[in-house]
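Bear in mind that the values here come from a model prediction, so they are computed numbers and not experimental data. Throughout, residue positions are numbered sequentially from 1 according to the sequence presented. Numbering of ligands and ligand atoms starts at 1, following listing order.
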Amino acid sequence: MSLEQNLADLQKNIPSGCILIAVSKTQPSERIMEAYQCGQRVFGENRAQELASKFEKLPTDIEWHMIGHLQSNKIKYIAPFVALIHSVDSLKLLEEINRQAKKVSRVIPVLLQVHIAEETSKFGFSPDEITDMVESAAWSGLKNIQVRGLMGMATFTDDEQQLRREFKTLRSLFDQLKGLPLPQQVAMEELSMGMSGDYKLAIEAGSTMVRVGTAIFGERQPLKKV
Ligand SMILES: *Cc1c(COP(=O)(O)O)cnc(C)c1O
């Protein structure tokens, strides 16, 4: 199926309150431009340098999201322009993003990544750690950060029951945090969950942002250097 058809199908399945992030990692600029010509403006990448080089080449009205694990020493490449960092998985990283944001006089919107997968290999805070972090971090020193919500990745499985359970866990945590007295820099507005294989279940569970790559662009080519 054509990219145009894929995007049209997705738009049909995604409610208006939910944002479609086109995950363009490993895709060349020409493919991104095809999606852009179809009206897609929000793109997600998982490597900082690849993100920065695409930002430089592509139209300036694209909103770039960082969705992959981010190393502290790579923040500087994306700090000047990134629209949302989904993958904050430690307080140390949050503090470093704050430092780099300050340098470029920005407030950078981020999501806190929560470990919801029943498998063990994914990055992120545990639900308990998130609650502790929100309550105890030295927020007065984090003026250049705006936490907009949570992000999670479910287990890579076909087991719908398990996927529903994991998404529901994340949604409950999100709702629970919403009910707490939160620091000024923390708002629970966005819940980023759902990928090509599981976005429908994620939406049913209350996702506000789905990150979809393969279902738009087709299978990815093996990683190559950019
Ligand atoms: C690659 C990736 C996606 C998209 O995966 P698809 O299965 O291709 O839709 C979503 N989220 C993250 C964090 C990713 O790295």
Side-chain ion pair, [X] and [Y], N-O less than 4.0 Å:
| X | Y | value |
| --- | --- | --- |
| E96 | K92 | no |
| E63 | R41 | no |
| E160 | R164 | yes |

Side-chain donor-acceptor distances from residues 8-23 under 3.5 Å, at least two apart:
{"unit_1": "D9", "atom_1": "OD1", "unit_2": "Q5", "atom_2": "NE2", "d": "3.1"}
{"unit_1": "N13", "atom_1": "ND2", "unit_2": "D9", "atom_2": "O", "d": "3.3"}
{"unit_1": "N13", "atom_1": "ND2", "unit_2": "Y199", "atom_2": "OH", "d": "3.3"}

- Message: Can you give me the closest heavy-atom contact between L93 and V88, atom names plus distance?
- Response: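 Smallest interatomic distance, heavy atoms only, reads CD2-CA, 4.0 Å.
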
- Query: Has the side chain of R106 got a donor or acceptor atom that lies under 3.5 Å from a matching backbone atom of A79?
  - Reply: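 Pair found, side chain donor or acceptor close to backbone of A79.
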
- Message: List the protein residues in contact with ligand 1, where contact means a heavy-atom separation under 4.0 angstrom.
- Response: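 Ligand 1 pocket, heavy atoms under 4.0 Å: V23, K25, I67, M153, M195, S196, R211, V212, G213, T214, R220.
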
